[in-house]
Every structure is written in structure tokens, then in C-alpha cells.
Amino acid sequence: MPELPEIEVLRRSLAPRLLGRTIVDVTVANTALREPVDEPNLRSAVRGRRVTGLGRRAKYLLIDLEGDSSLVVHLGMSGRLTLAAADEPIEKHEHVSFLLDEGDRLRFRDPRRFGLVLALATEGLLEDRHFGGLGPEPLVGGLTGEVLARAASGRRGPVKNFLMDGRVVVGIGNIYACEALYRAGVHPTRSVARIARARWDLLAREACATLEEAIAEGGTTLNDFADGEGNSGYFQVSLAVYDREGEACRRCGKALRRIVQSGRSTFYCAGCQR
DNA sequence: CGGGCGGCCTGGAGGC
DNA sequence: TGCCTCCAGGCCGCCC
């Protein structure tokens, strides 16, 4: 579910409640996530360690611990990472649970098991294979028309797939790609070879604005997403095209359309996007 | 090499 | 009510 805004909302909601806390132990109920959970490695990395920082790279949440270990959590499509009282009953699909000091725990629940929980060394973390090929970060100035135009040169294919390619820029998934293209007036099937430089500037600006507005609204909750306190987001009511097939475009009134690109649904307005 | 697609999973929605 | 099919926000690996 979660794209960059949702992970950023999660990070911000967890930070005040996790910083300085000590992880007492970890329980692994099911190791079969996107990659098998290495329970011994996880335990030795986290046990007795204090949380010193919460970061994010692309859609990965990074929980830094003292002693050069970092927890890496990815929510996949259906993951949740929430704080609960230690004695609250284990939920279905709660695969990994971190017992904290002061009587609560951080639990990872993920019905579809596309998510990821692992421990890596903090030193050189971002050079790990999970992050090595990733493009720039949008929230710190990494998403500009310059970046997009440069990445597009010599490439072909539809601009929507291009926006979702983590080697170009990270954090944009199916929802925010649709929304950014709508706001910039770009048709999702348009080839990246046929987009003018000024349009890349506009697209970059609109993509950044969409991500930032979504964060301000607590993310998009269509089905599963919740922040670290279990709160849903509100940005779904602001979505202009995503999941609105057949509804009227708020700008021109035409019925919004749905097509399939690379096996994923794309929503757009044929009147506003060229 | 880059782009496209299937596969990984479960659950919810909708059709009959 | 139940059964069946389809679909879902990410990512990887295989294929052309």
C-alpha cells in the first residue's frame, strides 16, 4: 500500500515514541516474508539496544540502534508497523514483534507477506544491495525537472512506468504516479522521449507537491495503511483520479478512465492529460 | 541493455 | 448463503 508518503508518516509517528527506547527481545512467528527472516541475526542485532534514530530511504523505514545495527522494515503491500501494549493479544499475520522496555511492543503485521524485516550494519547501510541502485529522494530536493529529463534521455517507454522506476526517483508508486501525471497534464502512456523540458519541470513540481500534501494529510489509506499509532490517513479523499474510474474529472467534468499498463491500473482524464 | 510481465501471498469485493 | 473469479498500493527475476 505504502508509497513514500505513507512510510514518511509512519516514521514521523513512531519517532517520538521509539527514540531512546530499548528493545528487550524479538519474537518471530513466521519467517516467510519477501526474504526469510533471519531470527538469530535479528535477535543479536536488537537485543538490549537503544533506538538512536528513525530514518527512511525510499519506501524502507530505517530504525537505527546503538552498536552499529539498523533495523530495516518494508511494508510491502499490506504491512503495518504499530505500537501496542505488550500484553495485547497477537494478531493474525503478526509475524515479527519487538518487545520494548516500559511494557509495550512494536509489532509487524503483514497478511500478504510482501514485506521485509531485517537487521543490517548502520555503517555503510545505504550501500547495501537493497538500496544500492536507488535514485534520489524527492523530499530533499532530489526530484527536479533536471533529474527527470536527464534520466529520460536515451530511454523510451511510457512516462508512468518511468515515474515508478526506483532507479529514476524513489518513493512514487501507482497511486502517486497517477496523481502527479494528472496534475501536470501529462498522459500516462506518453513516451518519455516526447516530453519537453518545461513539462519535466512541471511534472517534478507537481509530483513533489502531491507527495508533500499526502504526508500533511497523514497518507492515503485505501485498505490497510495506518501510522504507528494505528491511525488512518486522509489523503484518499483528495485523490483526483486514482480509483475514480467513471467519475467526473473535477476540472473538466469528463469521465475518468482506467487502463492497464504493465499489469497495473492507471487512472487518468482524457480531457486534461495529453 | 532496458522494458515488460509473471509471480510472490492473502483477503475483500462482486457476480452468479 | 456459498463459491468462484478478479483485483490490490511493491519488488524481484526472468524473458525478449
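Looking at A:Cys178, A:Pro188, A:Cys272 one by one, the single match for side chain to side chain contact (heavy atoms under 4.5 Å, CB included) with A:Val241 turns out to be A:Cys178. For the ring-ring contact (aromatic ring centres under 6.0 Å, His included) test with A:Phe267, the passing option among A:Tyr242, A:Tyr176, A:Tyr182 is A:Tyr242; the others fail.
At the phosphate of C:dG9, neither OP1 nor OP2 sits under 4.0 Å from any side-chain N or O atom of A:Tyr176. Regarding contacts with the backbone of C:dA8, a side-chain N or O of A:Arg258 is found under 4.0 angstrom from either OP1 or OP2. OP1 or OP2 of C:dC11 sits under 4.0 Å from a side-chain N or O of A:His74. At B:dG11, one or more side-chain N or O atoms of A:Lys92 fall inside 4.0 Å of OP1 or OP2 (strictly under the cut-off). Considering only side-chain N and O atoms, A:Arg264 lies nowhere under 4.0 angstrom from the phosphate OP1 or OP2 of C:dA8.
Using a 4.0 Å heavy-atom criterion, one finds that A:Pro5 contacts no nucleic acid atom at all. Residue A:Asp165 is out of contact with every strand shown, counting any heavy-atom pair closer than 4.0 Å.
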Short heteroatom pairs, N/O only, protein and nucleotides 12-16 of chain C, under 3.5 Å:
none

Which protein N or O atoms sit under 3.5 Å from an N or O of nucleotides 6-9 of chain B?
from  : atom 1 : to       : atom 2 : distance (Å)
B:dC9 : O3'    : A:Arg113 : NH2    : 2.9
B:dC9 : O2     : A:Arg112 : NE     : 3.0

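Between A:Phe162 and A:Trp200, the ring planes lie tilted relative to each other; the angle falls in the 30° to 60° range.
Distance CG (A:Asp110) to C1' (B:dT10): 10 Å, rounded to an integer number of Å. If you measure from atom CZ of A:Arg167 to atom P of B:dG4, you get 11 Å, rounded to the nearest angstrom. Between A:Arg57 atom CZ and C:dG10 atom P there is a gap of 16 Å when expressed in whole angstrom units. Computed from coordinates, the A:Leu4 CG to C:dC11 C1' distance equals 16 Å when rounded to whole Å. What separates CD of A:Gln236 from C1' of C:dA8 is a distance of 15 Å, to the nearest Å. The interatomic distance linking A:Glu3 (CD) with C:dA8 (P) rounds to 13 Å, in whole Å. Going from atom CD1 of A:Ile7 over to atom C1' of C:dG9 covers 10 Å, rounded to whole Å. Look at CD on A:Glu6: it is 14 Å from C1' on C:dA8, rounded to the nearest Å.
Remark: the A:Asn223 side chain and the B:dG11 base include no donor-acceptor N/O pair separated by less than 3.5 Å.
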>> I'd like to know whether A:Ser70 forms a side-chain hydrogen bond (donor to acceptor under 3.5 Å, both in side chains) with A:Thr122, so could you lay out the CA-CA distance, the side-chain angles of the two residues, the decisive distance to 0.1 Å, and finally the verdict.
In response: CA-CA 5 Å; A:Ser70 291; A:Thr122 308; 2.8 Å; yes
> Going through the distances and angles, do A:Asp128 and A:Arg57 end up as a salt bridge (charged side-chain N to carboxylate O under 4.0 Å, His left out)?
Replying inline: CA-CA 12 Å; A:Asp128 180 79; A:Arg57 175 70 172 116; over 6 Å; no
>> Set out, in order, the CA-CA distance, both residues' side-chain angles and the distance that settles side-chain hydrogen bond (donor to acceptor under 3.5 Å, both in side chains) for A:Thr210 and A:Glu179, then state yes or no.
In response: CA-CA 7 Å; A:Thr210 307; A:Glu179 295 297 311; over 6 Å; no
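Of the candidates B:dG4, B:dG3, C:dG9, C:dG9 carries the atom nearest the A:Leu222 side chain, counting heavy atoms from C-beta on. Here the side chain of A:Arg156 is nearest to one of C:dA8, C:dG9, B:dG3, namely B:dG3. Of all nucleotides listed (B:dG3, C:dG9, C:dC11), B:dG3 comes nearest to the side chain of A:Arg155.
For DNA chain C, each stem of at least three Watson-Crick or G-U pairs (distances under 3.5 Å) is given as range with range: B:2-8 with C:10-16, B:10-16 with C:2-8.
Taking atom P in both C:dC11 and B:dG12, the straight-line distance is 23 Å, to the nearest Å. C:dC14 sits 16 Å from B:dC9 when the P atoms are compared, rounded to a whole Å. The separation of C:dC12 from B:dG11, taken at their C1' atoms, amounts to 23 Å, rounded to a whole angstrom. Rounded to whole Å, the separation between the C1' atoms of C:dC6 and B:dG6 comes to 16 Å.
In summary, A:Arg129 and A:Glu35 engage in a salt bridge, as defined by a charged side-chain N under 4.0 Å from a carboxylate O. Ion pairing between a basic and an acidic side chain is recognised when a charged N comes within 4.0 Å of a carboxylate O; A:Arg205 and A:Asp201 show no such pairing. Salt-bridge formation is detected for the pair A:Glu137/A:Arg56: a Lys NZ or Arg NE/NH1/NH2 atom is positioned less than 4.0 Å from an Asp or Glu carboxylate oxygen.
Using modelled atom types, one side-chain atom of A:Asp101 and one backbone atom of A:Thr22 make a donor-acceptor pair closer than 3.5 Å. Side-chain atoms of A:Thr221 come within 3.5 Å of backbone atoms of A:Gly233 as a donor-acceptor pair (strictly under, hydrogens ignored). When atom types are taken as modelled, the side chain of A:Ser69 and the backbone of A:Val46 share no donor-acceptor pair closer than 3.5 angstrom.
The distance from atom OG1 of A:Thr27 to atom CD of A:Glu94, rounded to the nearest 0.5 Å, is 9.0 Å.
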